[in-house]
Amino acid sequence: MKAYRIGVMADSFRQPLFESLATARALGADAVQLTAVGGELSPAMSAAARAEVRDRLDAEGLALSAVCGDLGGHGFTLA
């Protein structure tokens with residue numbers, strides 16, 4: 001067993017989602033962080049689409065370490 005598991009941000013590969021999962025596995029990653037703000041990983045994804053992502057993670061042997069969302073409001077100031 002490894003002392004530490006290595007995870008990567010799938011978006012960092014600048015590839016379509018399923019290609020980035022394959023790349024993560026090929027590089028030896030154990031887990032991925034996904035960004036779910038739109039596009040392939042929209043917060044409005046159907047249950048079937050979410051299941052497909054989960055199935056692909058399982059097929060690649062990758063854990064889901066985190067999901068990143070956008071809460072907005074960056075750069076705001078307090079009055």
Nearest-0.5 Å distance, [atom1] of residue [X] to [atom2] of residue [Y]:
{"X": "D30", "Y": "Y4", "atom1": "CG", "atom2": "OH", "result": "14.0 Å"}
{"X": "S20", "Y": "M9", "atom1": "OG", "atom2": "CE", "result": "11.0 Å"}
{"X": "D55", "Y": "F18", "atom1": "CG", "atom2": "CZ", "result": "8.5 Å"}
{"X": "R5", "Y": "L62", "atom1": "CZ", "atom2": "CG", "result": "9.5 Å"}

Which heavy atom of [X] sits nearest a heavy atom of [Y], and at what distance?
{"X": "E19", "Y": "Q15", "answer": "O-OE1, 3.3 Å"}
{"X": "G61", "Y": "R25", "answer": "O-NH2, 2.7 Å"}
{"X": "P43", "Y": "A36", "answer": "CG-O, 3.6 Å"}

Kindly work out whether a path of hydrophobic side-chain contacts (I/L/V/M/F/W/Y, heavy atoms less than 4.5 Å apart) joins [X] to [Y].
{"X": "I6", "Y": "L27", "value": "no"}
{"X": "V37", "Y": "V53", "value": "no"}
{"X": "M45", "Y": "L34", "value": "yes"}

### Task
Using atom types as modelled and distance alone, determine if a side-chain donor or acceptor of S65 lies under 3.5 Å from a backbone N or O of G7.
no
### Query
Just by modelled atom types, is the L21 backbone N or O under 3.5 Å from a matching donor or acceptor in the R56 side chain?
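Side chain of R56 to backbone of L21, a donor-acceptor pair under 3.5 Å: no, none is there.
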### Query
Does any non-hydrogen side-chain atom of L41 lie less than 4.5 Å from one of T35?
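With C-beta onward as the side chain, the pair stays apart.
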#### Entry: V67 and Q33, any side-chain heavy atoms less than 4.5 Å apart
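Q33 vs V67: side chains apart.
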